[in-house]
Protein chains: 2
Amino acid sequence: MTATTEPMTDDEIHREIFDAIVGGRLAPGEKLGQDELGKVFGVSKTRIRPILHRLSDQKIVVMEPMRGAFVARPSVEDARAVNAARQIIEEGVIRAATRVAQPQHLKMLREIVAEEQRAREGRNGGRAHRLTGEFHCELARITGNDVVSEVVRELVSRDSLVVALYQRPSSSGCSLGGHADLVDKIEAGDEDAAAHAMRHHLQDVMETLDLGEEGRKSQALAKAFAHLGDKS
Amino acid sequence: MTATTEPMTDDEIHREIFDAIVGGRLAPGEKLGQDELGKVFGVSKTRIRPILHRLSDQKIVVMEPMRGAFVARPSVEDARAVNAARQIIEEGVIRAATRVAQPQHLKMLREIVAEEQRAREGRNGGRAHRLTGEFHCELARITGNDVVSEVVRELVSRDSLVVALYQRPSSSGCSLGGHADLVDKIEAGDEDAAAHAMRHHLQDVMETLDLGEEGRKSQALAKAFAHLGDKS
DNA sequence: CACTTCCAGATCGTATACTATCTTCTGATG
DNA sequence: CATCAGAAGATAGTATACGATCTGGAAGTG
């Protein structure tokens, strides 16, 4: 499967790794060896390194000096910061979206919500979570502003790692029906209500996570030493 | 002045180029040769290239395939998109800031406004503009959220290129006293008024620019052929 | 004389080679 | 037996070298 015939552009390689991480196929903390990735994509380290740096800028990957690149393992503080940032930024987004939303936009959102519901009923947690992210991205796209869309996209992708790390095994997906409520508020044209709902929606998402009272630092370690009673 | 003794980290080189561009020492459209930059900083192309790519991700630089890197020359559409994005995002920011602002924060903002005023009276347009950007960044920092600060910082830096390209020679700096008004609204704790003021402030900034009715595409060319009457 | 074609110089993009640093295993020592 | 020092292997970081592509000018042709 090591294709030697396809040139494959840098952006394609980037997207491949990006999707693998956000899609959960690469677990947080996983090592991303340069030579190894180079062989996978049939190119040299020289082209892998900048891509890794780019992923590092996106906070999807961390590069430890002279140690290598790893899939990011956001701390509890990071998780809270990203969520807080989303509360702040997506408030502006949903307000702007509410002002300009057209029926076709609402239809699109409702379709995503419906699919989300179906995925959750089908116990397809991965798909449900992906659709959750898509909902927020699509909401941002209603503003018609690519810059905003890109910012939201980045924040949503960072949140993917957070849920991968801190999701409770019990809770299958995201909040239950919170998105439908948002669409209702947008349709009603009630900007303040929509903004309020968005803030609380994101807070709810945060509360479904298991962030541990004192912050389950490494997760793998915490699980490994659970029998000791976690006295730190 | 070509120091061969200092190793100079990648981030330092990045910041050096970044500041040179945002600070206006490198004009939009300027060529950024890889070998040339390598010699300036006493390193090889290999280290310059990823830095250029990073600046490209930040939209401060554009990389044309097989042609090289150039200081970005944002189009009128780009300018409008960034400004619109700021209206959307900074609305959320100023609302969050209004909710949590402390007296010390207000003091900090007023100091910047005062310095800004002084710079403008001293006909120091460059300094005034830099302080304008700093005001918005400092406002974002009130939220206490680094993610938000970083997003705003990025947007503000992109706007630097916009004003470098499209600023009217007449208007020395940014809006006249718009910032003081924002601080007043924040101090009053009136979230809606603050948000409203922010949106209009950014719109005002946009209107001080000379974006040309049909979009003064290259600026240098437009000036060069002004005598022809610009029939495009 | 104007236009096209071709060649030389320059610069970008990538692979390979080398050096520095970290990790790990082995072996010695308290 | 536990611990620490040292060497070998592996991997990151950087520079150099080579091939590909673009730009600009010179020569050729209608």
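Each chain gets a letter, A, B and so on, in the order the sequences are listed, and its residues count up from 1. Values reported hereafter were calculated over all heavy atoms of this structure, with side chains retained and with hydrogens, waters and symmetry mates removed.
Phosphate proximity of D:dA12 to A:Lys31: present, with a side-chain N or O under 4.0 Å from OP1 or OP2. Taking 4.0 angstrom as the limit, A:Gln34 places none of its side-chain polar atoms (N or O) nearer than this to OP1 or OP2 of D:dT11.
Spacing between atom CD1 of B:Ile13 and atom P of D:dG13 amounts to 15 Å, rounded to whole angstrom units. Distance NZ (B:Lys45) to P (D:dC18): 13 Å, rounded to an integer number of Å. D:dT14 atom P lies 15 Å from atom CZ of B:Arg49, rounded to whole Å.
Of the N and O atoms on the side chains of B:Ser75 and B:Asp78, at least one donor lies less than 3.5 Å from an acceptor on the other residue.
Formation of a donor-acceptor pair under 3.5 Å by the A:Asp210 side chain with backbone atoms of A:Gln167 is not found in this model.
A centroid separation of 6.0 Å or more is found between the aromatic rings of B:His14 and A:His53.
Ring geometry for A:His201 against A:His179 counts as perpendicular: the plane angle is over 60°, on a 0 to 90° scale with 30° as the lower cut.
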For nucleotides 6-10 of chain C, which of its nitrogen or oxygen atoms have a protein nitrogen or oxygen under 3.5 Å away, and what is each distance?
none

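For the ring-ring contact (aromatic ring centres under 6.0 Å, His included) test, no residue two or more places apart in sequence or in another chain qualifies with A:Phe70.
Within residues 50-65 of chain A, no residue places a heavy atom under 4.0 Å from DNA chain C.
Positionally, the nearest nucleotide of DNA chain C for A:Arg47 lies more toward the 5' end than for the other of A:Arg67 and A:Arg47.
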